[in-house]
Each structure stands twice: as structure tokens, then as C-alpha cells.
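Report on the structure given below.
Just so you know, these numbers come straight off a predicted model, no measurement behind them. Counting starts at 1 for both ligands and their atoms, in listed order.
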Amino acid sequence: MSLTAVTPTTAPAARTATRREYLMCPPTHFDVVYAINPWMDPAVPVDRDLARRQWTELRDTYLRLGHTVHLAEPVPGLVDMVFAANCALVVDSQVYGARFREPVREPEAPAYRAWFAAAGFGEVFLPGYANEGEGDFAVVADLILAGSGFRTDPAAHGEAQEFLGRPVVSLRLTDPRFYHLDTALFVLDDDNVAYYPPAFSTGSRRTLARLFPDAILATEADALVLGLNSVSDGENVVVARAATDLVAQLAARGYRPVPVDLSELAKAGGGAKCCTQEIRR
Ligand SMILES: NC(=[NH2+])NCCC[C@H](N)C(=O)O
């Protein structure tokens, strides 16, 4: 009789990618000239050419993965417009528009509304409360997770639920470094998410643990390189290259990490997800 324990080798679950439709905006006018989050320091110069190359690599990555990428026209002076995720939340072709908390970003809202109108989406819902689109809203199958604490007014969560007809789960962010939900959590697929628990209030952590007992939990180091600002199609996960532990965890769970470097955009506090608005028809 052998005394060697037989460890069953459980192969990671097979993952399935689905084609996505994204809206992006080239970083033509990208800059850091004001500070509305702890990542931003106007004294640190921005290399716009490098930002452009990194952003182009992100767009090309989506195209290579078979996704569709639409482009919004960058507006001079709107230095944060590259962060398309903030412009809306789109579910079932219904567009819940953004209302930026920061006056410096508010002109982005009509600029993006114009894109949706031109793309044939009809009326964009004009929200009554501050909300920064997918910066603070994440869609997990039929459920919408919504962040508040820094930018989005919790009243917008209820308003979005009423408009979209999908249950919205409110979560509270507590660490200013993770000022938008999408800096602390991303959706892996219809069943699971990855997140950094210390970015959330105690009650929100308990809520997340209850909803997603199997979630991938990120380290602080990975959260601080915006590893949670990732974009998954259910199989391929476009993730910050520097988030090494997260990359390993994704691979161990059967996802395919697709590392990208958006270090120049991180100077404004944004990564891959911030540059990517998902259009759900
Ligand atoms: N979805 C995001 N987290 N976008 C990043 C936005 C960055 C921008 N500088 C701001 O502070 O508003």
C-alpha cells in the first residue's frame, strides 16, 4: 500500500469569451492639469506620445481579441475624456447618462451624449444625481454593483435601478486611492468578480463575500498598480502587467491574462477599464 496521498489535480474551470462592444476616446488632449483624486499631480509631466502608444496598444488588444471598438471624438481641453468608462452605464441599449461630480469633467457628459445620439441610441437618460457611469457601476449578469463614497451619489443607485429595471447593489468605498468602484473591483464573468476588500466599508465587504464567496481577492500592491481596473470578456482578462499576483491568480483560475501597460494614464488615476465603456445592446 502506498502511503503517498493522492492529490486530485483539479483542472481550472474552462472559461468562455463573449464578443464585446466598447466605446473608447483617444488621449489626444490627455493631461494632468488639476487634481481630483490622489493619483493626480499636475507637477508631474505627462508624456502624451507615450499615453497615445499605450492607449493604442489597449485598443489593438481588444480588436485582436475580436471585440468591436467605437471611438468618441476627443474634445480640446477635456483632459480626462480618455476615460470613457465614466460617460454612462449602458444596459439593454438603454443609456443611463453621467453627471460628473467634478465641474471640470462635466462638459464630457454632453460630448458623450452626442456620441450616443449619433450612434442611434435615442434618448440618453439625464440623471438627477451625480454618477460617473461605469466608473462606479459594474454589471454582473442581471445584477448591477454600484459604488459610492467619493464620486457617485448613492441616490443615483436607486435612480439607475428604476431606469434600467435591474437590481442595483450599493457598495461603499472608503479609501480615497480607490475613488471609483472600478479601481477596486472588476467583473470576471456572469458569476464572479475580483476585488480589493480593504477599499470597501465593513458592510460592503460582507455583502461582497456573500454574493461572491469565490471571488479573487487582490493584494494591496496589485490594487495600487490599478490591477483591478481590468476588462474581462469571460475568458481573456486585460490587466495591468505590473499586477503580478493577480495575473497569476487569474491564470490559476483558468482565465487568460492579457497584460497591458497603461502607466502614463495611471498618472490621472486610470487604467484599462477607465478607458473602456461597454455598450450592452
Ligand atoms: N473609471 C475611472 N476610474 N476613470 C478614471 C478617471 C480619472 C480622472 N482623472 C478622474 O479623477 O475623474
Side-chain angles (χ1 to χ4, degrees), residues 22-46 48 51 54-55 58 72 74-75 77-90 96-109 111-112 130-139 144-153 156 160 171 173 175-187 193-196 199-200 218 223-232 238-240 243 260 262-279:
Y22 297 131
L23 171 62
M24 299 178 72
C25 179
T28 315
H29 310 291
F30 173 65
D31 207 345
V32 176
V33 294
Y34 48 75
I36 55 174
N37 71 53
W39 301 75
M40 304 175 87
D41 179 357
V44 175
V46 161
R48 202 176 281 163
Q54 293 179 338
W55 177 91
L58 177 65
V75 176
L78 299 185
V79 293
D80 272 332
M81 198 175 165
V82 61
F83 301 118
N86 296 130
C87 78
L89 168 65
V90 187
Y96 179 71
R99 177 158 164 176
F100 288 84
R101 171 164 302 263
E102 306 295 339
V104 280
R105 292 199 66 189
E106 185 49 28
E108 294 178 40
Y112 274 109
N131 86 86
E132 299 192 350
E134 286 198 327
D136 273 322
F137 287 107
V139 179
I144 297 173
L145 305 179
S148 73
F150 298 100
R151 299 291 182 86
T152 295
D153 186 329
L171 302 168
L173 297 162
D175 181 332
R177 297 172 302 175
F178 308 108
Y179 58 95
H180 273 146
L181 180 65
D182 73 358
T183 61
L185 176 149
F186 73 95
V187 179
V193 301
Y195 66 103
Y196 175 58
F200 295 90
L224 282 174
V225 290
L226 290 171
L228 292 163
N229 200 247
S230 292
V231 179
S232 172
V238 177
V239 54
V260 291
L262 292 163
S263 55
E264 211 50 31
L265 292 156
K267 291 178 177 173
K273 172 59 209 169
C274 295
C275 296
T276 313
Q277 167 71 41
E278 186 162 350
I279 309 291

>> Glu102 vs Arg105, test: salt bridge (Lys or Arg N to Asp or Glu O under 4.0 Å). Steps then yes/no.
In response: CA-CA 6 Å; Glu102 306 295 339; Arg105 292 199 66 189; over 6 Å; no

Contact table ligand 1 N or O to protein N or O, d under 3.5 Å:
| from | atom 1 | to | atom 2 | distance (Å) |
| --- | --- | --- | --- | --- |
| ligand 1 | 1 (N) | Asn86 | ND2 | 3.1 |
| ligand 1 | 1 (N) | Asp182 | OD1 | 3.4 |
| ligand 1 | 1 (N) | Asp182 | OD2 | 2.6 |
| ligand 1 | 3 (N) | His180 | ND1 | 2.8 |
| ligand 1 | 3 (N) | Asp182 | OD1 | 2.8 |
| ligand 1 | 4 (N) | Asn86 | OD1 | 3.0 |
| ligand 1 | 9 (N) | Asp80 | OD1 | 3.1 |
| ligand 1 | 9 (N) | Asp80 | OD2 | 2.9 |
| ligand 1 | 9 (N) | Ala268 | O | 2.9 |
| ligand 1 | 11 (O) | Asn37 | ND2 | 2.7 |
| ligand 1 | 11 (O) | Arg151 | NH2 | 2.8 |
| ligand 1 | 12 (O) | Arg105 | NH1 | 2.6 |
| ligand 1 | 12 (O) | Arg151 | NH1 | 2.9 |

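For residues 266-277, the salt bridge (charged side-chain N to carboxylate O under 4.0 Å, His left out) pairs, not counting sequence neighbours, are Glu134-Lys273, Glu264-Lys267.
A donor-acceptor contact closer than 3.5 angstrom is absent between the side chains of Thr152 and Asn131. A side-chain donor from one of Tyr34 and Asp80 sits under 3.5 Å from a side-chain acceptor of the other.
Distance CG/Leu173 to OG1/Thr183: 6.5 Å, rounded to 0.5 Å. A distance of 11.5 Å separates SG of Cys275 from CG of Leu23, quoted to the nearest 0.5 Å.
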